[in-house]
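Reading through the structure tokens given below for one structure.
Residue numbering restarts at 1 for every chain, and letters A, B, ... go by the order of the sequence lines.
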Amino acid sequence: MTQFHERQIRLVHELMYQIKVKEVMTREVITYPPTVTFREVQLCLKKRRFSGTPIVADGRLVGIVSIDDIITAFDHGAIDRPVQEFMTRTLVTVPQSYSVIAASNLFHKYGFGRLPVVSRPGSDELVGIVTFSDILSHLLLKINSIAERVEEYERATAARMEQRRDQLHFEIAADSFDKAGVAATLTKRRLQAHGVPPDLVRRIAVICYEAEMNVILHSLGGYMDVEMLPDRVRVLVADEGPGIPDIEKAMLPGYTTASEKIRALGFGAGMGLPNIKRCADEFHVTSSMEAGTELEATVFLPAARPGSTPPAAPVPPTAPVPAPQGGVL
Amino acid sequence: MVTGANGNEHSAAGSYRPVTVSDLVRVLEGEVACCEDQLGRLVRAFVASDLLSDVLAFESHEYALLTGLTNAQIVRTADITGASCVVIVRNKQPQQAAVALAQASGIPIVLAHCTMFEACARLSRLAEARHDAVPRTSDPSGA
């Protein structure tokens with residue numbers, strides 16, 4: 001279950017506290033004066049399929065007549081007597097500002113089918129009536145609308161993650177120092193267009209830049225593939241050799257085999273591979289003097305989030321990117 | 001401390017109260033080589049180095065990259081790491097490719113006549129002054 005689901009379930013629980021009685025109650029209440037007979041009330045209840053009705057005198061709630069009360073009146077031969085003789089006078093009411101969970105607790109405690117709703121605590125001014133099924137149906141509606149939002153969110157997330165699929169390929173020529181960074185910059189722009197978070201874009205771009213520079217400075221040429229999957233970006237760099245004689249040493253920050261010329265250009269600090277490793281979540285490098293060097297670095301992406309920038313323009317899934325032609329991007 | 005190939009000092013990034021690129025231009029008495037319209041960019045940190053791999057190893061962004069290098073790679077590095085501007089010290093002119101790339105990326109290049117050491121000292125004073133200028137809680141007595 002995703003965090004989103006858990007949050008929504010907590011939200012449903014919170015709904016019970018957030019929804020107020022006044023939101024779910026029936027406001028147009030049929031009431032009777034204390035002088036009405038049990039028979040009249042009984043006919044009304046039968047006709048409307050109610051199980052009880054409030055009795056109001058001078059705008060004040062004075063009692064309630066339920067089916068039980070009518071049966072009691074019938075037992076006493078008082079079915080044609082005014083209700084005030086046998087109605088329930090000890091009233092349990094709920095103020096309209098209370099949460100539905102408070103009302104729900106009262107239903108459980110007293111076993112009533114309905115509760116008169118009063119304007120505020122301690123008041124006998126009747127403003128509505130609430131049943132347990134009012135609460136239930138209101139909650140179900142809310143839960144349903146949340147469930148629909150969750151589904152919509154998941155569909156949108158899946159679509160967004162699918163949109164992220166993309167692949168870039170760059171040929172990198174040896175000694176093409178003036179073109180170094182072109183692949184990294186293009187990759188950066190593409191990732192930004194896909195809405196990848198800036199800190200991850202930066203890490204991936206640094207990986208590409210360093211790897212590109214390694215191929216240019218230390219190899220006979222090679223290529224770089226940037227594979228963008230829904231949950232990760234994979235950078236694969238391979239060159240034609242001559243290979244790294246001692247990878248362990250090459251991984252030590254500051255260790256360098258770079259020439260004075262390379263160092264004068266600002267590179268060859270012995271930070272390339274350590275930088276790539278630092279920026280990657282997964283990192284493998286293999287090298288042999290025969291086959292050259294192969295490097296794979298992966299950065300994991302967080303689940304696509306709502307509000308992340310959609311691609312500026314639709315990108316074909318395997319748009320071929322021409323090898324850098326020099327000049328300015 | 002590593003000394004760059006061009007003999008310039010190399011210093012670490014720090015995090016300060018933000019200043020703007022135009023503040024840098026002012027205290028360095030520098031010239032703006034390109035992207036005059038970007039001088040309002042915030043600068044939150046400084047990295048001074050001639051070793052670009054070392055620059056790539058810093059975590060900071062919205063920083064000023066101070067360097068003695070003049071090639072296009074300083075702008076690539078600045079762009080990839082999200083730098084606010086590049087400062088070239090010791091009265092050097094950036095290469096044409098660097099200016100063109102900076103224009104394309106919208107990253108201002110500032111030219112300073114002073115040495116790397118002097119530039120760092122001035123910017124350090126600027127950042128510290130900004131830090132001191134943070135309003136302090138007033139006297140609770142109201143005096």
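- The ring pair (Phe, Tyr, Trp, His ring centres under 6.0 Å) analysis of residues 206-241 of chain A, with sequence neighbours excluded, yields the pairs A:H169-A:Y223, A:Y209-A:F267.
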Original post:
Can you list the steps and then say if A:M213 with A:F177 is a side-chain contact (heavy atoms from CB on, under 4.5 Å)?
Top reply: CA-CA 8 Å; A:M213 199 57 80; A:F177 188 77; 3.8 Å; yes

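- Of the two parts of A:R278, only the side chain, counted from C-beta on, holds a non-hydrogen atom closer than 4.5 Å to a non-hydrogen atom of chain B.
- Looking at B:N71, the atoms closer than 4.5 Å to chain A (heavy atoms on both sides) all sit in the side chain, from C-beta outward.
- For chain A, no part of B:Q103 is nearby; none of its heavy atoms comes within less than 4.5 Å.
- No hydrogens or angles considered: nothing links the side chains of A:E294 and A:H284 as a donor-acceptor pair under 3.5 Å.
- Atom CD of A:E152 is surrounded by 12 or fewer heavy atoms from other residues, nucleotides or ligands within 6.0 Å.
- Residue contact with chain A, scored on non-hydrogen atoms closer than 4.5 Å, involves the backbone and the side chain of B:A57 alike.
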